[in-house]
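Here is the naming used below: chain letters follow the sequence lines, and residue numbers restart at 1 for every chain.
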Amino acid sequence: MAEVTRKSLTGVLKTTADLLDLLGQEAFRAQAYRSAARSLEATDSDVADLLSSAFAGVPKVGKTIATDLLAFAGTGTFAPLEDAASQVPPGVLGLFRVRGLGPKKIRALWDAGIDSLETLREACRDGRVASLKGFGAKSAASILDAVDFALAAQARQHLSTSLDISEALAGALSGLDPHSSGDAGRGLDTADTVRLTVTGCAAEVQARLAGVAEALDAWEDGPGLKGRVDGVPVEVACGPAETRGALDLVYDGSLSYVQAMQAEAAARGFELTGQGLRRGGVLVPTPTGADVARELGLALRPPEYREPEHDGLWEALPAADELVTVQDLRGLLHTHSVWSDGAATIEEMAQQTLRLGHSFLGTGDHSRAAHYANGLSIERLRAQLKEVRELQAAGLPLVTGAEVDILDDGSLDYPDDVLAELDYVVASVHSLFTLDPARQTERLIRAASHPLVTILGHPTGRLLLRRPGYAMDLDAVLAACEASGTVVEINANAYRLDLDWRHVLRWRGRLTFAINTDAHVPAGLADTRYGVAVARKAGLTPAQVVNTLEREEFLAFVSRQRAARL
DNA sequence: GCCGTTTTCGGCCCGACTGTTTTCAGTCG
């Protein structure tokens, strides 16, 4: 079997929890597996250490779960999951990906003979769902929408998943010059297949990947292999050094860009394929993509700019070496701590920020309306400010902030005099996602125009592959940000990536952005790489990203922003 | 199932919203 990862450990725990809920077991038992998964996500220890210490000291992982997880690492079988799964048809588990369906409703559907996303879609259409007890016409319609979303999403992975797998494969292929290709290589927010290119032959790739990928098979057309890692489809394309440039270009994509390049090549009497660049059937050596472009007399687009949205636009965008990088980010803003729903102290988060090479941390815990997230009352916020001042006195570079809930009417969850005590303010929506579009737009415009709001947090509320953003007039909200000088967040959490790069691309030059991790654990502070991928696809330079400023410059920026609104 | 103990078992986050009901169950953040 493939090696256990943090993701495979937390995956079996979460799936077990879902199944126990579905089987009607005591809710707290399922919750225990979920808590254990969350705890494993939050711990900083690597998987090897966790296993060798038998999970000693990991909160929420007791004797039973620790023993079962160790057995899973050895045998690939997690006993509680096997037990539960044997009682449930495999397709039923997929129903947990449908928004609005929980264990009780899924159980009701299963009892009615609906046991997969496909059969659920049919049952929504033919009226069976609407006629079930506890369901109705409105439920059936919203479930159908959610099923279509889930079916479309199931073939794709988050950028973080794709890059994790890509890097694991690259490690196994070291020496063959592995290159992250395909959607993830271009920094796209989601990817269908994880693709790599290497210099070498298929037999060597196959030998290297034994034990890393499963179900490895040679391609039928051309040199390469396909297989799966953690259930995710992977493809490795390979070839000799003299065709590597063509290989990279073709497998990097996008499809429309490659087809355009192939058409340009044909117009010049060449044939461009993954097997190389040929003229009159004779191979033209092209070790790099730049060589291909030079032979064809074309400019080579940076991989970031190869989507259809960049057509006719990319030449006016900054060159790749001018785009913002993770190293350019000085401050990590909008972060959580144990004060609300984070898993680490402010001090631990700040230390990790410095270890990653950034220069300051901005606190950003939840405000009082966020009960579920242990949001801070005004009294607790002031106590937190006192702690921050002590940490600052001890030499930690911090700025104070909060992620303040935008209330029903667009007002904020703390009064102005409290907001004014903070160095910066992120305003975010965490409630009333289904407000009618006109009211939602009005609500967000009001919040974005508030004189003390520094940054509008995760502006659309989307969760990639899970739910679309709230219905509203996004351009009207972004125009309000432009008018009031409010910074727009690029939430770097790989499950959000909100604002979407396509909107950032459209609004670049008119807005200032912040690349924020929204980290709840120290490891989450490294999510900057995903937010930076968004910014690069949108052509952003460091000057357009507010948290490339050093601490004092950032504080001065906020002062100017506030002064301009008086 | 985990935790913290009154060391043997009770408590584990909860308010708001939605669509279904006919007073509330289920889901979400």
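Across all strands, A/Pro103 comes closer than 4.0 Å only to sugar-phosphate atoms, never to a base (heavy-atom distances). A/Gln31 comes within 4.0 angstrom of no nucleic acid atom, judged by non-hydrogen atoms across all strands. Looking at heavy-atom distances under 4.0 Å, A/Ala137 makes contact with sugar-phosphate atoms alone, never a base. Residue contacts for A/Thr434: at a heavy-atom cut-off of 4.0 Å it reaches the sugar-phosphate backbone alone, with no base atom in range.
Between B/dT27, B/dG29, B/dC12, one nucleotide has an atom nearer to the side chain of A/Phe433 than all others, and that is B/dG29. Distances were taken from every side-chain heavy atom of A/Lys138 (C-beta onward) to each of B/dC28, B/dT20, B/dC12; the shortest belongs to B/dT20. Distances were taken from every side-chain heavy atom of A/Arg29 (C-beta onward) to each of B/dT27, B/dC28, B/dG1; the shortest belongs to B/dG1.
Aromatic rings from A/His458 and A/His430 are positioned such that their centres are separated by under 6.0 Å.
Ring geometry for A/Phe554 against A/Phe360 counts as tilted: the plane angle lies between 30° and 60°, on a 0 to 90° scale.
Checked for salt-bridge contact, A/Arg502 and A/Asp189 meet the test: a charged N lies under 4.0 Å from a carboxylate O.
The phosphate of B/dT20 has OP1 or OP2 within less than 4.0 Å of a side-chain N or O from A/Ser139. Here A/Arg99 reaches the OP1 or OP2 of B/dG29: one of its side-chain N or O atoms lies under 4.0 Å away. Phosphate proximity of B/dT18 to A/Ser142: absent, as no side-chain N or O sits under 4.0 Å from OP1 or OP2. Within the structure, every side-chain polar atom (N or O) of A/Lys105 is placed at least 4.0 Å from both OP1 and OP2 of B/dG26.
Mapped onto DNA chain B by nearest heavy atom, A/Pro59 and A/His430 fall at different nucleotides, with A/Pro59 at the one closer to the 5' end.
Under the 3.5 Å distance criterion, with hydrogens and angles disregarded, no donor-acceptor pair is assigned to the side chains of A/Ser139 and A/Lys105.
A distance of about 29 Å separates the P atoms of B/dT20 and B/dC14, rounded to the whole Å.
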Would A/Phe557 and A/Tyr424 satisfy ring-ring contact (aromatic ring centres under 6.0 Å, His included), going step by step from the backbone distance to the final call?
CA-CA 10 Å; A/Phe557 171 90; A/Tyr424 80 105; over 10 Å; no

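Near DNA chain B, defined here as any heavy-atom distance below 4.0 Å, the residues from residues 464-472 of chain A are A/Arg467, listed numerically.
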